[in-house]
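All values reported here derive from a predicted model rather than from experimental measurement.
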Amino acid sequence: VQLQASGGGLVQPGGSLRLSCVASGRPFGRYVMGWFRQAPGREREFVAAGSRSGRITYYAGSVKGRFTISRDDAGNTVFLQMSSLKPEDTAVYYCASGLHTSDWQSYYSSIAPYDVWGQGTLVTVSS
């Protein structure tokens with residue numbers, strides 16, 4: 001079971017970036033997906049999560065309206081489209097996968113539901 005994240009880089013404030021995370025090793029459609037980030041000196045924090053179907057999504061307040069999580073089950077890939085980026089969005093971004101449970105929607109923003117994590121991709125927002 002593996003998650004491979006990519007798409008990070010250097011972008012100017014106000015710019016956009018799309019992160020991708022390809023999953024392998026287990027049936028992608030059975031799992032909920034999440035994105036988290038960790039800035040230097042700070043704890044890992046929730047960014048976005050999506051249900052197995054992709055129809056139910058959740059966002060941290062700091063990114064709501066600017067970031068969009070989506071998934072392509074045919075390609076076993078989850079995306080994080082980021083726009084109107086700010087310097088405070090600078091962090092290593094991690095994708096995560098977890099088995100859907102009946103109470104997932106109560107815990108989507110914690111790390112507990114996610115048992116597989118990608119290696120992280122660095123996003124730097126700077127002029």
With salt bridge (Lys or Arg N to Asp or Glu O under 4.0 Å) as the rule and sequence neighbours excluded, what pairs involving [range] come up?
range	answer
residues 93-102	none
residues 90-101	none
residues 67-77	Arg71-Asp73

### Task
With rounding to the nearest 0.5 Å, note down the distance linking CE in Met33 to OG1 in Thr77.
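Here the rounded value is 9.0 Å.
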### Task
To the nearest 0.5 angstrom, please state how far the CG atom of Leu19 sits from the CZ atom of Phe67.
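Reported to 0.5 Å precision, the distance equals 8.0 Å.
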Does [X] belong to the same Ile/Leu/Val/Met/Phe/Trp/Tyr cluster as [Y], with side-chain heavy atoms less than 4.5 Å apart forming each link?
X	Y	result
Val1	Phe28	yes
Ile111	Tyr94	yes
Val116	Val32	no
Leu17	Tyr59	yes
Leu85	Leu80	yes

### Message
Filter on side chain to side chain donor-acceptor pair (under 3.5 Å), then keep only pairs touching residues 39-48, sequence neighbours left out; what's left?
### Response
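Those involving residues 39-48 are Arg37-Glu45.
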### Message
Suppose the criterion is side chain to side chain donor-acceptor pair (under 3.5 Å): which pairs have a residue in residues 19-36, not counting sequence neighbours?
### Response
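Every pair satisfying side chain to side chain donor-acceptor pair (under 3.5 Å) with a residue in residues 19-36: Arg26-Ser97, Arg26-Asp115.
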### Query
Can you name the residues that form a side chain to side chain donor-acceptor pair (under 3.5 Å) with Ser51, not counting sequence neighbours?
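With sequence neighbours excluded, Ser51 shows a side chain to side chain donor-acceptor pair (under 3.5 Å) to Ser53, given in chain and number order.
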### Task
Only counting residues at least two apart or in another chain, list the ones meeting side chain to side chain donor-acceptor pair (under 3.5 Å) with Ser6.
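If we apply the side chain to side chain donor-acceptor pair (under 3.5 Å) test to Ser6, skipping adjacent residues, there are no hits.
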#### Entry: Minimum heavy-atom distance Gly50-Ile69, with the two atoms named
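So the minimum-distance heavy-atom pair works out to N-CD1, 3.7 Å.
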### Query
Which heavy atom in Tyr114 sits nearest to a heavy atom in Ala49, and how many Å separate them?
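The pair with the smallest heavy-atom distance is OH-CB, 3.5 Å.
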For [X], check side-chain contact (heavy atoms from CB on, under 4.5 Å) against everything at least two apart and list the hits.
X	value
Ser16	Gln81, Ser83
Lys86	Arg66, Glu88, Asp89
Tyr58	Phe46, Ile56, Trp104, Gln105, Tyr108

Please table the atom pairs, donor to acceptor, closer than 3.5 Å between any side-chain atom in residues 120-127 and protein atoms at least two apart or in another chain.
unit_1 : atom_1 : unit_2 : atom_2 : d
Thr121 : OG1    : Gly8   : N      : 3.0

#### Entry: Gln119 side chain to Ala5 backbone, donor-acceptor under 3.5 Å
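Checking the backbone N and O of Ala5 against the side chain of Gln119, a donor-acceptor pair under 3.5 Å is found.
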### Message
Considering only residues two or more places apart or on different chains, which pairs with a residue in residues 64-98 satisfy disulfide bond (SG atoms under 2.5 Å apart)?
### Response
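Matches after skipping sequence neighbours: Cys21-Cys95.
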